[in-house]
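Quick note on labels: first sequence line is chain A, next is B, and so on, each numbered from 1.
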Amino acid sequence: MSDEIREQRIKEVNELREQGVNPYPYKFEKTETTGEIKEKFSYLEKGQVLEDEKVSTAGRVMAIRKQGKTSFFVIKDVDGRIQAYIRQDKVGEKDFSFFKKYINLGDFIGIKGFPFKTHTGELSVFVEEFKLLSKTLQTLPEKWHGLKDKEIIYRQRYVEMLSNDDALNRFKIRFEILKTVREELNKKGFIEVETPVLHYLTGGATARPFETKMNAFDAEMFMRISLELYLKRYLVGGFDKVYEIGKNFRNEGISYKHHPEFTMMELYQAYADYFDIMDLVEELVNTVVRKVAGKEVIEYGGKKIDFTRPWKRVVMADYIKEKLGADIINDSDEKLLSILEEHESIPEIKERGHLIDKLWDLVEDSVVNPTFIMEHPTIISPLAKKHREKENVTERFELVINGMEIANAFSELNDPVEQFKRFEHQAKLREEGDEEAQMMDLDFISALEYGMPPTGGLGLGWDRIVMLLTDSPSIRDVIPFPMVRKSNEENI
RNA sequence: GGUCCCUUAGCUCAAUUGGCAGAGCGGUUGAUUCUUAAUCAAUAGGUUGCAGGUUCGAUUCCUGCAGGGAUCACCA
């Protein structure tokens, strides 16, 4: 039982304290990461020793190969792993026997020494001094297969990260992507802003919200389902280019591409239209892919996805007509419904907007390479401006990659009277039982009445980009601490 | 929420038709001064997810529950 090993470790911790050794000391002067050492001394020849070069690093002990008067061990830090070599004749009998007795897999250790390359060519650190930095009481997962139990992986992600190097790397990539996005947008003059998470009204998307309560005002509130309506208020207020990267909360089902709490970026640029935003998102995502993947054609689930610019631009109605024969602009509701029925896809709510959404769902999977799907019908786009030339459609596009909607953007509707009418239609849908329809936000209308410049806006779900760039089959693989059912275990 | 599948040692996995619950890693003890999934010897570690049922006998068959996965529905 693990308890037995745990008891053994606690016994050792107590022994250490009795010997005047703190098993959880305060500090270690770590001057190099494992990666920095590897980079700096990779040029060494087999067997070459650089006794005058001093290095100091620290990390978690991931493997120990103890021998009589010498040991090899491997330490892991955020950069990777490096081997260390300790010998009794170098550190002395007392320290060496301490190492053999008290250093276990999983412990944190700090080492000082010099670099050398073994006879088999592995760059290693020859240990002159070491310090136990933190005792682990738990056993590590199996060293060869790593951790595979999905339940532990999701509930105790830290165990996956510490044992499976690819998990740590996956999350490093996630945050490198977000960092790159910020750098690129900041370079273009966008200002990163914040908006409230708790709303009285939800809007900006069609989704069921999480409900909560604010004690101070004794008021029911919702967690935000989008960032849109508050970000637009910044434009009314005088900001030209803003963006926010933050969590949205949608009280809907979980799937390989859906998670109730997910990371959304929204961006608004005054005086721009949806074509400008198309160029911007194409450049931004392409830059991120090139920087993180180092190439423009990536592999996802064995499939090639080509991010080379320019990306395909397809009118939504044309695409659906080509694939299904349905004309979402001119066909009657009855006709659209009958086509849906042919494909055994019947929406619960038989309102035209839902029929169109359903038809789109049927063809979405056939899009693999980055593609802009354009000109969505007005009826399913309550916040988008009417198309400047065509009837019944908006200046909107969605970026679709590998059957997933990655981004959604429009020339933003800034006519307050028109916006009010669109909200009224949404309100009617709500009354008819569509819990996902948007709520009437009169303060937002009021903001528009003060005037919002012509604006191009974008929403982009970065989790899905992270999936693509880490070849992860599920969004839960790229959300560090995904939602799990409340545990029954008392001691987890 | 529906349907199907999974749950055995800390971890990764076995267990023939329903017939003594096993291995590797990890742990402990010992040997070992260039190992790298180190090696060698010894050893501890189990209420087979939980609760019932069928049976002489259940890890194995049945029912319920819990957790997890896949998929469908809703959604991005």
Side-chain angles (χ1 to χ4, degrees), chain A residues 1-9 11-12 46-47 49 62-74 81-90 96 100-101 104-106 116-122 124 126 136-155 159-160 163-164 204-209 225-226 248 250-260 262-264 344-349 354 357-358 360-361 364 398-400 403-408 434-436 459-464 473-476 484-489 492:
Chain A
M1 267 178 82
S2 76
D3 271 358
E4 208 165 296
I5 296 172
R6 202 165 156 271
E7 290 306 318
Q8 170 73 21
R9 296 283 166 265
K11 203 183 102 201
E12 285 167 10
K46 279 182 188 175
V49 179
M62 298 305 290
I64 310 183
R65 295 179 280 276
K66 289 179 181 172
Q67 299 177 50
K69 294 187 175 61
T70 173
S71 290
F72 287 91
F73 58 102
V74 175
R81 299 177 180 222
I82 196 161
Q83 177 172 266
Y85 181 47
I86 184 169
R87 285 167 58 141
Q88 181 170 301
D89 59 12
K90 201 81 182 177
F96 188 76
K100 278 184 93 169
K101 184 160 170 51
N104 293 100
L105 289 185
F116 76 107
K117 219 166 219 178
T118 64
H119 296 315
T120 50
E122 176 157 358
S124 308
F126 205 121
T136 176
L137 304 183
Q138 297 281 348
T139 54
L140 296 187
E142 218 255 2
K143 67 179 172 187
W144 189 241
H145 300 92
L147 181 65
K148 289 192 166 175
D149 186 327
K150 287 273 190 215
E151 189 170 354
I152 302 176
I153 284 175
Y154 290 145
R155 283 186 189 278
V159 181
E160 191 201 20
S163 69
N164 301 4
T206 53
R208 278 187 236 188
I225 60 170
S226 93
N248 278 354
R250 298 187 184 174
N251 212 340
E252 313 266 5
I254 294 176
S255 82
Y256 77 95
K257 57 180 172 180
H258 296 98
H259 193 262
F262 67 104
T263 298
M264 174 73 118
E344 289 171 10
S345 174
I346 296 139
E348 279 175 26
I349 300 168
H354 285 260
D357 278 337
K358 271 302 208 200
W360 169 248
D361 283 348
E364 189 176 39
E398 288 183 307
L399 171 60
V400 178
M404 293 192 288
E405 185 194 328
I406 300 294
N408 183 22
D434 185 351
E435 287 181 66
E436 284 149 12
L460 195 155
W462 284 109
D463 299 302
R464 290 176 174 181
S474 167
I475 196 167
R476 305 182 87 192
V484 285
R485 225 173 268 274
K486 202 170 168 184
S487 173
N488 288 333
E489 303 288 330
I492 275 190

> When all nucleic acid strands are considered with a 4.0 Å heavy-atom cut-off, which category describes A:Gly461: base, sugar-phosphate, or nothing?
Replying inline: nothing
> Is there a donor in the side chain of A:Gln8 and an acceptor in the side chain of A:Glu12, or the other way round, less than 3.5 Å apart?
Replying inline: yes
>> Judged by each residue's nearest nucleotide on RNA chain B, which is more toward the 5′ side, A:Arg485 or A:Val74?
In response: A:Val74
> Counting any heavy atom closer than 4.0 Å, what does A:Asn408 reach on the DNA or RNA strands: base, sugar-phosphate only, or nothing?
Replying inline: nothing
> For the pair made of NZ in A:Lys148 and C1' in B:C6, what is the distance, rounded to whole Å?
Replying inline: 15 Å
>> To check you understand the geometry: which heavy-atom pair defines the closest contact between A:Glu435 and A:Arg208, and what is its length?
In response: OE1-CD, 3.7 Å
>> Looking at every heavy atom in both A:Pro141 and A:Gly146, which two are closest together, and how far apart are they?
In response: CB-C, 4.3 Å
>> What is the separation between atom CD on A:Glu4 and atom P on B:G46, rounded to the nearest whole Å?
In response: 7 Å
> For A:Ala205 and A:Arg250, which heavy atoms make the closest approach, and how far apart are they?
Replying inline: CB-NH2, 3.3 Å
> Reckon A:Phe262 touches a base, only the sugar-phosphate, or nothing at all at heavy-atom distances under 4.0 Å?
Replying inline: base
> What residues form a ring-ring contact (aromatic ring centres under 6.0 Å, His included) with A:Phe96, not counting sequence neighbours?
Replying inline: none
> Rounded to whole angstroms, how far apart are CD on A:Glu151 and C1' on B:A70?
Replying inline: 16 Å
>> As a test of reading the structure: which of B:U33, B:G68, B:A37 is closest to the side chain of A:Thr70, going by heavy atoms?
In response: B:U33
>> Rounding to an integer number of Å, can you tell me how far A:Phe72 CZ sits from B:A37 C1'?
In response: 16 Å
>> For A:Thr206 and A:Glu436, which I'm curious about, is there any donor-acceptor pair between the side chains at under 3.5 Å?
In response: no
> Contact class for A:Glu122 vs. all strands (heavy atom < 4.0 Å): base, sugar-phosphate, or nothing?
Replying inline: base
>> Roughly how many Å apart are B:C13 and B:A73, using the C1' atom of each and rounding to a whole number?
In response: 36 Å
> Separation of A:Lys150 atom NZ from B:G69 atom C1', in whole Å?
Replying inline: 8 Å
> How close or far is atom P of B:U35 from atom CD1 of A:Ile82, stated in whole angstroms?
Replying inline: 18 Å
> Considering only heavy atoms from C-beta outward, does the side chain of A:His259 approach that of A:Arg476 to under 4.5 Å?
Replying inline: yes
> Between A:Asp463 and A:Thr263, is there a donor-acceptor pair closer than 3.5 Å when you use the side chain of the first and the backbone of the second?
Replying inline: yes
>> Rounding to an integer number of Å, can you tell me how far A:Leu105 CG sits from B:G27 P?
In response: 5 Å
Identify the pairs formed between an N or O of the protein and an N or O of nucleotides 21-24 of chain B at a distance under 3.5 Å, and give each distance.
{"unit_1": "B:G24", "atom_1": "N2", "unit_2": "A:Glu142", "atom_2": "OE2", "d": "3.4"}

> In dot-bracket, 5' to 3', how would RNA chain B read with Watson-Crick or G-U wobble pairs under 3.5 Å, [ ] for crossing ones and | for pairs to another strand?
Replying inline: (((((((..((((.....[..)))).(((((.......))))).....(((((..]....))))))))))))....
> Do A:Val159 and A:Gln138 touch side chain to side chain, with heavy atoms closer than 4.5 Å?
Replying inline: no
> Think A:Arg65 has a side-chain N or O under 4.0 angstrom from the OP1 or OP2 of B:A38?
Replying inline: yes
> How would you list, by chain and number, every residue that makes a side chain to side chain donor-acceptor pair (under 3.5 Å) with A:Asn248, sequence neighbours excluded?
Replying inline: none
> At under 4.0 Å between heavy atoms, what does A:Thr206 touch on the DNA or RNA strands: base, sugar-phosphate, or nothing?
Replying inline: sugar-phosphate
>> Under 4.0 Å, heavy atoms only, any strand: does A:Glu398 hit a base, just the sugar-phosphate, or nothing?
In response: nothing
>> Under 4.0 Å, counting only non-hydrogen atoms across every strand here, what does A:Ile152 touch: a base, just sugar-phosphate, or nothing?
In response: sugar-phosphate
>> From the set B:A76, B:C25, B:G68, return the single nucleotide nearest to any side-chain atom of A:Lys143.
In response: B:C25
> With respect to the phosphate group of B:G10, does any side-chain polar atom (N or O) of A:Arg6 fall under 4.0 Å of OP1 or OP2?
Replying inline: no
> What's the spacing between A:Ser124 OG and A:Ile86 CD1 if we round to 0.5 Å?
Replying inline: 13.5 Å
> Which listed nucleotide (B:C11, B:G68, B:U33) is nearest to the side chain of A:Arg476?
Replying inline: B:G68
> Is there side-chain contact between A:Ser163 and A:Leu140, with heavy atoms separated by less than 4.5 Å?
Replying inline: no
>> Reading RNA chain B from 5' onward, which residue's closest nucleotide shows up sooner: A:Arg208 or A:Pro141?
In response: A:Pro141
> From B:G27, B:C11, B:G68, pick the nucleotide closest to the side chain of A:Ile5?
Replying inline: B:G27
> If you measure from the P atom in B:U43 to the same atom in B:G57, how many Å do you get, rounded?
Replying inline: 35 Å
> Expressed as a whole number of Å, how far does the P atom of B:U17 sit from that of B:U12?
Replying inline: 26 Å
> What is the nucleic acid contact for A:Phe126, judged by heavy atoms within less than 4.0 Å: base, sugar-phosphate only, or nothing?
Replying inline: nothing
> Which atoms form the tightest heavy-atom contact between A:Ser71 and A:Lys66, and what is the distance?
Replying inline: OG-CA, 3.3 Å
> Which residues pass the ring-ring contact (aromatic ring centres under 6.0 Å, His included) test with A:Phe262, sequence neighbours left out?
Replying inline: none
> Of all the nucleotides listed (B:A76, B:G68, B:G10), which has the minimum atom distance to the side chain of A:Val484?
Replying inline: B:G68
Short N/O separations, protein against nucleotides 28-31 of chain B, under 3.5 angstrom:
{"unit_1": "B:U28", "atom_1": "OP1", "unit_2": "A:Arg9", "atom_2": "NH1", "d": "3.4"}
{"unit_1": "B:U28", "atom_1": "OP1", "unit_2": "A:Asn104", "atom_2": "ND2", "d": "3.3"}

> Which whole-number value in Å describes the distance from A:Ile254 CD1 to B:A70 C1'?
Replying inline: 14 Å
> Within the structure shown, what part of the strands sits under 4.0 Å from A:Gly146 by heavy-atom distance: base, sugar-phosphate, or nothing?
Replying inline: sugar-phosphate
